[in-house]
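Written out below as structure tokens is the structure these notes cover.
The chain is numbered in sequence order, starting from 1.
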Amino acid sequence: MQNISDHVYARDKTLTDIPVTNPCINPRGTLKKLKNRIPAAGTHRENVGITLYAITPKRLTIDGDSVRNRITFILIAIVISAFLVAGCTQPQTTVRTPDQTTATPTPVKTDAVQPPVTVPVVVIPTTAADITPTNTTATIKTPTITGTTKPPTTVSYSSDSSDSSTPGSDPTVVKTDAGYISGLQENGLRVYLGIPFAAPPTGDLRWRPPAPVTPWDGVKEAKAFSAEPPQPPSGSPIPASMSEDCLYLNVWTPAKSADEKLPVMVFFYGGAFAQVAPLDTIALYNGTTLAQKGVIIVTTNYRLGALGYMAHPQLDTESVNNVSGNYGILDQQAALQWVQRNIGAFGGEPSRVTIFGQSAGGESVLIHLVSPQSKGLYSQALVESGPFWAHGPTIDNVHSKADAEQIGQDFAQSLGYSGPDAIRQMRKVSAMDIVNASPWPATSWDRTHTLKFEPTIDGWLLPDSVNALFTLHKENPVPFVIGSNANDGTSLSAGANMTVPEYRAFLRNYFGTEADVVFSKYPANSTDEVQVRLAQIMTRYDFADAAKFAAGSMGDLERNTYLYRYSYVLPGENGALHGSETFLLFGLAKDMKANTVVADNLVDFWTRFAKTGDPNGEVDVTWPQYTRADGRYLDINNVSTVMSGY
């Protein structure tokens, strides 16, 4: 049909007849557009997308010299205009440039009351002198949308009820506590990419806890992944886009409404707290495969390297808790707080949040389990090959406060900053200069064994080492799954290039009087054999023993505790390598030519646990609860099997 809002006012005294097709309008009359009878009226209404109409009998004539006819016509026009605005028009989205005064869209949503729209006010003129047009419609202010180039939209009104370009016609529009967002519809899911959960940690916000995100007006598009945290160069592909402005998360939801209250899974990636790994970019952590099982998936960025974990005495003085470092963990907590406040709008249940992560992400989950500040932000936890020991044979997963601050001071001095304004000056250094100046050895062994920027025992967020707190049963008792991969150490120990004498000295340094016993169990007569033994020691002590100990401690407190070993070997690989399970969890099984049954089972175990706190029920095997006395666990392979003797 002809869109009546496309007509413009002409500067004459005639009327244009337009066929009536809107069922709200009397079909016996003829819709007349008033032109220039109230000179300012058209201007006021056109500015907010409202066109003034009157339905008149054809015999009515407008005599410019007749005040009575003018008043009669105006009264009819005003009443019908109010009628059209109040009940017979449909919204139409119009794109405006950011500097225009426009009305804000009122998207249809399932979780909250839409913003109010001012009802038109009809003023009845009593004398000819009162025939002064009244702007009968109030606009809703739409400031420029923060953080996006998408222009604000305006609500117009049209009699075309079939118009599908309105905000309300987009089923992906939801309201967060910072503003409306729209997403994508893919594979039966609603997908939202690049949702800001905190202010950009740049400038004076560098090395500070995450600050609240700035609210926006209008509808922000959440249809593309954000930039990734700055990362050091390595053998892996460098992310296409890196920025210190990186505090964004992503949501995949199968829910059709906010009433479904689905369980939620929040994932933290690995990468030694310095990179996104093992999938190299957060875009590869695609939540589709998991979400299609009936859970909401959230993946989130967090600050890495020196930008995320540098401690320094000057930063302590800025903190009300006299702490510094751990900014990446604080980012994760901010993301979890965002989930608590907003996931209901996506059909999720904030009291049913499972946090899970791999490698450094798994260690992050362990930290949340013992951090007083994280309690209440999740209800279950799942750890994939997360380092646990403060002082393991090959991995030290945390620093003491004193050591972390010394590392920070040494790093500042390496950049030429050592005075009382060192931090102020360092906040002016570009993010990539900070990252490129950070220690990042060339080999996996050196990176794993000598990591500088990692979580700190600050006495506040992390009161003590994870293993010390688990030993004291101070972890938060929640349903818990933890496990390791059969060959976790193979890739992480690569490049050690250690001679046999160096290997013997390494064993004595860590195992002390037990060094000879360990050497007899892991003997080596060449540098190549040392490499194999280091991989086995890392797998055994730093991952398998850690998982077993954590499961035993949690099992003392929470019966729904489960231990696994992941033994499935991807085609072409030389073992069940560190992080290889993530390829199956995040939809890359076919790309890796993996056994789809193993992939399906793994996804079923993880999502079933998220739904019920028990991974059983979908796969034809009973995964037993873990206790120190019983000691049984599930070996996940081509055929998953219950075993003992982890």
Side-chain angles (χ1 to χ4, degrees), residues 209-210 263-268 273 295-296 298 300 302 321 323 326 328-341 343 348-390 397-398 454-484 546-564 606 608-615 625-628:
V264 183
M265 301 182 73
V266 181
F267 180 75
F268 305 126
F273 298 106
V295 299
I296 295 176
V298 178
T300 182
Y302 56 94
N321 298 296
V323 298
N326 291 334
I329 302 297
L330 291 171
D331 294 341
Q332 295 173 8
Q333 289 180 343
L336 292 173
Q337 290 164 353
W338 183 94
V339 168
Q340 289 297 308
R341 298 191 307 269
I343 206 64
E349 173 52 61
S351 67
R352 301 174 67 194
V353 174
T354 298
I355 53 175
F356 71 123
Q358 186 272 335
S359 193
E363 180 183 337
S364 298
V365 172
L366 291 166
I367 290 173
H368 291 302
L369 282 169
V370 297
S371 175
Q373 282 69 44
S374 297
K375 192 170 184 179
L377 298 178
Y378 59 89
S379 57
Q380 302 183 155
L382 192 157
V383 176
E384 303 167 28
S385 302
F388 181 77
W389 310 116
N397 75 341
V398 292
E454 61 183 0
T456 299
I457 301 172
D458 60 7
W460 175 68
L461 183 144
L462 185 55
D464 203 339
S465 69
V466 173
N467 58 277
L469 294 168
F470 266 72
T471 300
L472 297 172
H473 283 149
K474 291 190 175 181
E475 69 268 32
N476 188 20
V478 296
F480 185 52
V481 170
I482 189 169
S484 63
K548 180 180 178 181
F549 182 87
S553 177
M554 185 66 82
D556 293 341
L557 306 175
E558 166 61 51
R559 63 190 303 269
N560 283 324
T561 296
Y562 302 88
L563 179 66
Y564 75 88
W606 264 228
R608 182 71 178 180
F609 175 71
K611 294 175 184 178
T612 67
D614 181 342
Q625 295 169 339
Y626 182 82
T627 65
R628 299 180 199 265

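- Using a 4.5 Å heavy-atom threshold, the side chains of Ile329 and Ser371 count as separate.
- Inter-residue side-chain proximity for Tyr378 and Val478 is flagged as met; some heavy-atom pair is nearer than 4.5 Å.
- With salt bridges taken as basic N to acidic carboxylate O contacts below 4.0 Å, none links Arg608 and Asp614.
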### Message
Quick one, Val295 with Lys611, criterion side chain to side chain contact (heavy atoms under 4.5 Å, CB included). Give me CA distance, side-chain angles, the key distance, then yes/no.
### Response
CA-CA 7 Å; Val295 299; Lys611 294 175 184 178; 4.0 Å; yes
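- Side-chain contact between Leu336 and Phe268 is present, with at least one heavy-atom pair separated by less than 4.5 Å.
- For the atom pair Ser374 OG and Ile367 CD1, the distance stands at 9.0 Å (nearest 0.5 Å).
- Rounding to the nearest 0.5 Å places NZ of Lys474 at 13.0 Å from CG of Leu557.
- With rounding to the nearest 0.5 angstrom, the CG atom of Leu469 is 11.0 Å from the CG atom of Leu369.
- Closest approach of Leu461 and Gln373 over heavy atoms only: CA-OE1, 3.2 Å.
- Heavy atoms only, all atoms of each residue included: Glu475 and Ser553 are closest at OE2-OG, 2.7 Å.
- In terms of heavy atoms, Val339 sits closest to Val266 at CG2-CG2, 4.1 Å.
- By the salt bridge (charged side-chain N to carboxylate O under 4.0 Å, His left out) test, Asp458 pairs with no residue at all, sequence neighbours left out.
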### Query
Does the side chain to side chain contact (heavy atoms under 4.5 Å, CB included) test come out yes or no for Phe480 and Val383, once each step is laid out?
CA-CA 8 Å; Phe480 185 52; Val383 176; 3.8 Å; yes
### Task
I would like to know whether His368 and Gln333 meet side chain to side chain contact (heavy atoms under 4.5 Å, CB included); could you show each step before the answer?
CA-CA 8 Å; His368 291 302; Gln333 289 180 343; 3.6 Å; yes
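- A pairwise comparison of heavy atoms in His473 and Asp556 identifies NE2-OD2, 3.0 Å as the closest pair.
- Considering only residues two or more places apart in sequence or on other chains, Trp460 meets the ring-ring contact (aromatic ring centres under 6.0 Å, His included) condition with none of them.
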### Derivation of the ring-ring contact (aromatic ring centres under 6.0 Å, His included) call for Phe470 and Phe388
CA-CA 10 Å; Phe470 266 72; Phe388 181 77; 5.3 Å; yes
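- Counting heavy atoms from C-beta outward, Lys548 and Arg628 have side chains that stay 4.5 Å or more apart.
- Contact of the Pro463 side chain with the Pro372 side chain is registered, since non-hydrogen atoms from C-beta on lie closer than 4.5 Å.
- At least one side-chain heavy atom of Ile482 sits under 4.5 Å from a side-chain heavy atom of Leu563.
- Between Leu366 and Pro387 the shortest heavy-atom distance is CD1-O, 3.6 Å.
- Residues forming a side-chain contact (heavy atoms from CB on, under 4.5 Å) with Pro479 (at least two apart in sequence, or on another chain): Gln380, Glu558, Asn560, Phe609.
- Between Glu363 atom CD and Ser385 atom OG the span is 12.5 Å, to the nearest 0.5 Å.
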### Working for side chain to side chain contact (heavy atoms under 4.5 Å, CB included), residues Ile343 and Val298
CA-CA 9 Å; Ile343 206 64; Val298 178; 4.2 Å; yes
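- Ser364 places a side-chain N or O within donor-acceptor distance of the main-chain N or O of Ala360, the cut-off being under 3.5 Å.
- Contact of the Val398 side chain with the Leu462 side chain is registered, since non-hydrogen atoms from C-beta on lie closer than 4.5 Å.
- The backbone N or O of Lys375 lies less than 3.5 Å from no partner atom in the side chain of Asn476, so there is not a single donor-acceptor pair.
- How far CG of Leu382 is from OH of Tyr562: 12.0 Å, rounded to the nearest 0.5 Å.
- Note that CG of Asp464 is 9.5 Å distant from OG1 of Thr471, once rounded to the nearest 0.5 Å.
- Aromatic pair Phe267/Phe356: centroids less than 6.0 angstrom apart.
- In this structure the side chain of Leu377 never reaches within 4.5 angstrom of the side chain of Val353, judged on heavy atoms.
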### Message
One pair to check against side-chain hydrogen bond (donor to acceptor under 3.5 Å, both in side chains): Ser359 and Glu384. What are the steps and the verdict?
### Response
CA-CA 6 Å; Ser359 193; Glu384 303 167 28; over 6 Å; no
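- The environment of CZ in Arg559 is sparse: at most 12 heavy-atom neighbours from other residues, nucleotides or ligands sit within 6.0 Å.
- Residues Val264 and Gly348 come closest through the heavy atom pair CG2-CA, 4.1 Å.
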